[in-house]
Amino acid sequence: MKRHFVTSIAAVALVMGLSACQREDAPKADAAGTTAAKPAEKTNATTLISASAAATPVIPRPAKVELRDGRFAFGPQSRVAVVGNDAEAARIAQDFASRVQKARGFAPEVGGAADGAAVVFAIDANIAPAGDEAYVVDITSQGAKISARKPAGLFYGAVTLWQLLADGAQGEASIATQRIEDAPRFGWRGLMLDVARHFRTPDEVKALLDQMALHKLNTFHWHLTDDQGWRVEIKQYPKLTEVGGCRIPAGAAGRDAKGKPKPYCGFYTQDEIRDIVKYAAERYITVVPEFDLPGHAQAAIASYPEFGVPGTKPPVSPDWGVNTWLFNVDDKTFTFLENVLDEMMPLFPGQYFHLGGDEAAKDQWEQSAAVQAKKKELGLKDEMQLQSWFMGRLGKYIEAHGKRLIGWDEILEGGPPADATVMSWRGTDGAIEAARAGHDVVMAPSPDLYLDHVQSDGPDETPGRLKVISLKDVYDFKAVPVQLNADQARHVLGVQANLWTEHQRTFERMQRSLFPRGAALAEVTWSPESRLDWNDFLQRMAFQMERYRLTGFDAADSAFAVRFTPQALEGGKTSLALNNQSGFGTIRYTLDGTEPTATSQAYVHPLELPLPTTVKANAFADERALASTRAFELNLHSLRARSSNALRSCKTDLMLRMEDDAPSDGKDGDRRLLLADVFDPCWIYDAAQLDGIATVEVRVGQLPHNYALWKDASKVVTRPAKIPGGALEVRLGSCEGEPIAVLPLAPARKSDGLTTLSAPLPTQAGRHDLCFTFASGEYNPMWVVDEVALLPAAH
């Protein structure tokens, strides 16, 4: 299914050393213009920043870099100028100066003659490489010149020069002299944001567009309508936002303190959309809107039930997953859809208009006499062909208005419209089929580029779906399927990553989910395949993490965050191992409560420590902190306790890291994050050391089982309650047989939040697996384990 579903992030503590703009040991380029890097230094088996990355720490990596001897000084007295009277070039120059002010603390003057200016912007129709987005940045000791054939290229050249300047230092910068010739690999370099599940304000959308521009991403796919919300003002049909723009969330989040329903609402006026589209265009980003149909239409049908199949009014859905409400196939419904499109299309001047086409469960169509009669009238053999007809009719309508249809790969089923572009999300098979049939393709496969997947297994990771899609996973994505020949491969327009927001309730979580994985996407879509180098990318990410801080963007540091693994040793001793996901940087730690710095003790091997001890740690590269500091309290409880994140799920059919819905108005950090399989919430505590253990203590919570699972609903496991109110049952060795401990749920039913339950454990020796299951007689609410602690008799 496409949309299946604590430690706080502190400010990054940076100890500034020699910056990218201050290093003198940059290597020279070879005859081909490729930088020959020095052998990487090693500390604790982790790679430090190489000279080549320090000289040109640009993301995405430019196509060609020629490093030279010498430095270019750029400071408060420097001037920026534009060749000729090109108004767009002047606007780009002013934008560059504004970004410099935020990054370095001074605003260079913009204007005057090109002669004598420190940075010159020039439109030049003769530069190589060719292309509207290509550019050249030529930096000598006297100054820098940015040249491009078109304004888009000039803008990207300005972004590259800004990245060379934005290293966290203030005042005058000193940049290695060099020549950069660059052009993108793909024309479609995209991110998709779902605002139907969780609404983002215009300013928050603009903040995302800013980051896209600074990564040279050029396509913003805006998922505006779905079962859970309609987000576009349509003046002819005001109920679409009055009714469809609001829902009552499931569970405690849908009730206020007095137990009354608490609507969740939001939509964009047409003026706000025009403003956002203009803002994007100024950053050379095309906005591709999505009006999802014939399925994912419940919010629209809740607003105007006559356009649904049964004619009855559903609620705007509080459930994630695949809902079964479809638009009907009557002419009056097409009039409605065309009228909506007539208001939407002028808001988005780009070529493409996305009409969805995905996950349209055909149950209502199959059960409707009117729909079946229409299918027979059209001479169609099945509902898939009916959907193809449905999409084709609307595709022709938007094409008559100068738009081109793009849809999810389900539009291939039943035969797509001849000129349709296919967005392949169900793996890469749809892309292969479409390209072989002559259709243009955008690669957006699940799970590879689905950024609603968590990016690490860390305890402070944002909510989302498992499996883990890490920074490296995105970087390793192969944009062109190997099954395509050269002619077929030309149909691959580019690549897009998608963020579905069922579990991304806040702006901060949206930011962390999208970046820095968006930086990996940017490099895969921009840089030549021959220039992709994971280790070099990590080195440049040390600078990029600083740029996020400079621009006020809350990117995730999951790839670099220190993780702690405690272990009890013989003789009452304890051990604590430290690592991070990427293996990059030198981990440094303190034991006295102070913040670790670039001069703190370096981690070499697991630490033998007394109880209790608090360890603070961070990873550093070239004196730069790569993440926020993490702290771990090593004590009896942390040795004996495991969170749901550290327990093993009995099954992994639909693993989700979910947020507790209580307190209903909680912000990030106020609610616990709970991991469970939605089909069968069941956990294994592997190889639990039971010597001397007398008590099991389990913190549990309840979540709304608000998942529309369609045909998979039969997979949901419900265990009968054996005592009033149900119980959490603990079994030894496996999940079969009689429980060794029973923890009644009655106390937990009194609270929407978390409750700690405890029960005695019979004496056991050695290590054994423990299985935890809920026998509640129901699947909604869904009972979940937050933490299991095994406590000795003396506790």
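Remember, predicted model here, so these are calculated numbers, not experimental data.
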Study note, to complete from the structure: Sequence neighbours excluded, the answer for side-chain contact (heavy atoms from CB on, under 4.5 Å) partners of Ala434 is Leu412, Val422, His439, Val441
Point to revise | Residues that Glu242 engages under salt bridge (Lys or Arg N to Asp or Glu O under 4.0 Å), provided they are two or more places apart | key: none
Practice item. Using the test ring pair (Phe, Tyr, Trp, His ring centres under 6.0 Å), find all partners of Phe199 that sit at least two apart in sequence or belong to another chain. Key: Tyr268
**Study point:** Residues in side-chain contact (heavy atoms from CB on, under 4.5 Å) contact with Thr501, at least two apart in sequence or another chain
**Key:** Leu193, Asp194, Arg197, His198, Leu499, Gln504
Exercise for review: Using the test side-chain contact (heavy atoms from CB on, under 4.5 Å), find all partners of Ala559 that sit at least two apart in sequence or belong to another chain.
Suggested key: Leu471, Gln581, Ser582
Exercise for review: Using the test ring pair (Phe, Tyr, Trp, His ring centres under 6.0 Å), find all partners of Tyr548 that sit at least two apart in sequence or belong to another chain.
Suggested key: His215
Review point. Residues in ring pair (Phe, Tyr, Trp, His ring centres under 6.0 Å) with His453, at least two apart?
Key: none
Check your understanding: Considering residues at least two apart in sequence or located in another chain, which fulfil the salt bridge (Lys or Arg N to Asp or Glu O under 4.0 Å) criterion with Arg99?
Key -> Asp95, Asp210
Point to revise | Cation-pi geometry met for Lys403 and Phe353 (6.0 Å, 45°) | key: no
Revision key, fill the gap. Residues at least two apart in sequence or cross-chain that pass ring pair (Phe, Tyr, Trp, His ring centres under 6.0 Å) with Phe553, listed by chain then number, are Phe515
Review point. Is Glu529 salt-bridged to Arg185, cutoff N-O under 4.0 Å?
Key: yes
Review point. Which class fits the ring pair Phe74 and Phe106: parallel under 30°, tilted 30 to 60°, perpendicular over 60°?
Key: tilted
Exercise for review: Please work out whether the ring planes of His354 and Trp408 are parallel, tilted or perpendicular, with thresholds of 30° and 60°.
Suggested key: tilted
Review point. For Lys145, does the NZ atom have more than 12 heavy-atom neighbours from other residues, nucleotides or ligands under 6.0 Å away?
Key: no
Exercise for review: Sequence neighbours left out, what passes salt bridge (Lys or Arg N to Asp or Glu O under 4.0 Å) with Lys278? Give chain and number order.
Suggested key: Glu282
**Study point:** Under the salt bridge (Lys or Arg N to Asp or Glu O under 4.0 Å) test, residues paired with Asp419 that sit two or more places apart
**Key:** none
Point to revise | Lys/Arg-Asp/Glu bridge criterion (N-O < 4.0 Å) met for Arg426, Asp358 | key: no
Exercise for review: Just say parallel, tilted or perpendicular for the rings of Trp500 and Tyr450, cut-offs at 30° and 60°.
Suggested key: tilted
**Study point:** Basic-acidic side-chain contact under 4.0 Å: Arg505, Glu659
**Key:** yes
Revision key, fill the gap. Those residues at least two apart in sequence (or on a different chain) that pass side-chain contact (heavy atoms from CB on, under 4.5 Å) with Glu109 are Arg79
